Each structure stands twice: as structure tokens, then as C-alpha cells.
Amino acid sequence: MAFGDNGNLLEMTPTSLILLAFTLGLRHGLDPDHLATVDALTRFNAQRGNRVARWCGLLFSAGHGSVVVAGSAVVGIFSASWEIPRWIETAGEWMSVAILIALGVLNLRAVFRTPATQMVAGVGFKQRLFGRFQQTANPMLVFGIGALFALSFETISQTSLYALTATQFAGWLGAVLLGVAFLLGMMVTDGINGLWVSHLMRRADQVARIASRVIGSVVGGLSLLIGGVGLAQRCSPDFARWSDGKALVFGWGVIAVMGSGFLAAVILARRKNGND
């Protein structure tokens, strides 16, 4: 969650907060680490003809989101006697910026270095860390991998911040509701990604290779853009003031660009298929 206009959260209505949480969930599902891991899990199962392949994205995001919801409940319950330190929020934002910029570079490098005869595989730090666990056809293990991914400093700090804000409106139940909205957003984007990769793996032809390059380029470019915006917010007070209150606009902008990338990949693939 790189777009941090956290100063205006308390001024938002409960409905706006829920919409923001859902939008951030949609955007969080587009993080390179999510895309790369869902990609790896889906590829493994699709290559073996396992039916769970198309559901890997949903299962992964459900596991990830379950930890977010549980964490939101805990923060909501204990919020009366605990306040999130400012340094946790700041450290989480800087970590998000650094990770996004690094993953943007790595994913673009993967696009250029992958041989023309192969599909481009997404690159993620956590995906590499938990690589040995990604060769599984067990739905519960896929769910568990998603849960492991949520046990990170960045996710916990951001979840705590929004859960504390929701508690101001509706107590711990409000924090849980915000966590559920975030979970549903993730399930949409991760689920679509799993279906997409499963479809490409069934083709495994030049059309699929072209589509994977388009998506890899979009993911890499978006990661650099989001990381750059986050860096500008941290370093430029003027830009931070201008961007304050625009989390929904930025979030839907990212989703629109990613959706356009998927659409462009489909169009290019169909044109290539029609010319052959």
C-alpha cells in the first residue's frame, strides 16, 4: 500500500473507508510478490493437469486475507489501551517503496532476459523465499502460503493503521469489516490472475509468450511508478500535500492500468493468433 494519505482517514465516512479498504485490497493483489507467487503455484498445478490450478489465486488471497482480518480484530479489541507508534507507520511506508522499486526493476529485467521461446515468469522476494513450498497441489497448503505472506512488517503495520481508524467509528467490529473488505478486494485480483495464468499455461504457445511479456512489462512499470510516487510523497512536502486525500483515485488508477494491460495482452495475442 504505497499511497499513504493517512492524515485524512479520520475525516472519511465509514462507507468511504470500506471502499478505500476494498480498493487497497484490489491494488494489494496486484503487488509483484502476489502475482509472482500465484503465477508459480498456478504454473506448477497447470503443468500437471491439477484442477486446483485455476483456484490458486483465490486460495492464496483467502489465506493472506484471513491473517489481515484476524489482525484487524486483535488491533480493534486492544486499541483502547494501545496506540500504533508513528515509527511503525513510517518504516512500513519506506519498506513498501523500496520493495516496489526493486521488484519493478527485477520484473522488467525478467521480461528482457527471458528467451523468446519461454513465457515470462513474475519475480517476487517472498516468492523466492517460500519457493520450496510452492510446488503443491494441496488447497490447504496454498491457503497456508497466502497466510505466511501476510506475516510481514509491511502488511502488519498497514493493517494496524486502518484497523485503528475503523475502530474510531464502530469498535472492533468496524476493524473486522474493514479487514473483510480488504480481503474481498485481494480475492478479486488474485483470483483473476490465477485464472489468467491457468489459461496461458493451457495454451503454452507463442500467443501465451507474447501475453506474458505484456503483463510482465506492465507489472514492472507499475511497480516503479507506484514506488516512485511513494518516494515523492516521503521526500517532497508539496507533492505529499497535493496527493493527500487521493488514495482512492490513485488506487483505481493502478487497477485501470493493470486492467488495460490484461486487455492489451488479450488483443495482441488474438491478433498474433489470427495472423498465424
Side-chain angles (χ1 to χ4, degrees), residues 1-5 23-40 42-43 57 61 93-116 118-128 149 154 185-186 188-197 199-200 206-236 239-240 242-243 246-272:
M1 305 179 205
F3 300 120
D5 58 327
T23 302
L24 290 174
L26 287 171
R27 202 210 66 74
H28 191 69
L30 298 175
D31 278 358
D33 262 317
H34 278 237
L35 295 174
T37 304
V38 172
D39 180 289
T42 304
R43 283 171 185 260
S61 58
E93 290 170 353
W94 276 108
M95 184 177 296
S96 177
V97 168
I99 290 174
L100 283 168
I101 292 175
L103 288 177
V105 172
L106 290 173
N107 276 278
L108 288 176
R109 187 179 70 169
V111 171
F112 290 108
R113 288 192 173 185
T114 300
Q118 299 178 15
M119 286 177 56
V120 177
V123 178
F125 291 140
K126 296 177 186 176
Q127 175 244 355
R128 292 182 173 182
F149 268 54
E154 178 194 5
M186 274 195 303
V188 170
T189 45
D190 282 339
I192 290 174
N193 183 48
L195 290 172
W196 167 261
V197 175
H199 172 71
L200 290 184
Q206 189 172 0
V207 172
R209 293 192 289 272
I210 292 174
S212 71
R213 276 167 170 73
V214 173
I215 295 301
S217 299
V218 172
V219 169
L222 268 180
S223 298
L224 289 176
L225 176 62
I226 298 170
V229 170
L231 184 62
Q233 288 176 326
R234 306 283 79 76
C235 299
S236 171
F239 186 82
W242 174 82
S243 62
K246 294 183 173 64
L248 280 173
V249 175
F250 284 136
W252 283 109
V254 169
I255 294 163
V257 171
M258 192 65 191
S260 300
F262 275 101
L263 182 60
V266 171
I267 293 173
L268 288 173
R270 286 181 176 177
R271 286 182 178 178
K272 178 62 180 177

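All values reported here derive from a predicted model rather than from experimental measurement. Just so you know, these numbers use all the heavy atoms, side chains as well, and skip hydrogens, waters and symmetry mates.
Checking side-chain atoms of Arg213 against main-chain N and O of Thr114 turns up a donor-acceptor pair under 3.5 Å. Of the possible donor and acceptor atoms, none in the side chain of Ser61 sits under 3.5 Å from a partner among the backbone N and O of Asp190.
Summarising the geometry, atom CZ belonging to Phe149 is positioned 11.0 Å from atom CG belonging to Asp31; distances are rounded to the nearest 0.5 Å. The structure places CG of Asn107 at 11.5 Å from CD1 of Ile215, a figure rounded to the nearest 0.5 Å. Interatomic distance, Leu30 CG to Thr189 OG1, rounded to the nearest 0.5 Å: 5.0 Å. Atoms CG and CE, on Asn193 and Met186 in that order, are 13.5 Å from each other to the nearest 0.5 Å.
The heavy-atom pair separating His34 from Gly29 by the smallest distance is CB-O, 3.6 Å. When all heavy atoms are compared, the tightest approach of Gly104 to Ser223 is CA-CB, 3.5 Å. Closest approach of Thr42 to Gly194, counting heavy atoms only: CG2-O, 3.5 Å. For the pair Asp33 and Thr37, the tightest heavy-atom approach, listed with the atom from each and the gap, is O-OG1, 2.8 Å.
With sequence neighbours excluded, the residues forming a side-chain contact (heavy atoms from CB on, under 4.5 Å) with Leu222 are Val218, Leu225, Val254, Val257, Met258, listed by chain and number. The ring pair (Phe, Tyr, Trp, His ring centres under 6.0 Å) check on Phe239 picks up Trp242, with sequence neighbours excluded. In this view, Asp39 and Arg43, Ala121, Val197 satisfy the side-chain contact (heavy atoms from CB on, under 4.5 Å) rule, not counting sequence neighbours. Considering only residues two or more places apart in sequence or on other chains, Ser217 meets the side-chain hydrogen bond (donor to acceptor under 3.5 Å, both in side chains) condition with none of them.
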Taking it one step at a time, do Ile226 and Arg27 satisfy side-chain contact (heavy atoms from CB on, under 4.5 Å)?
-> CA-CA 11 Å; Ile226 298 170; Arg27 202 210 66 74; 3.4 Å; yes
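Within the 4.5 Å cutoff, the side chain of Leu100 has no heavy atoms near those of the Leu224 side chain.
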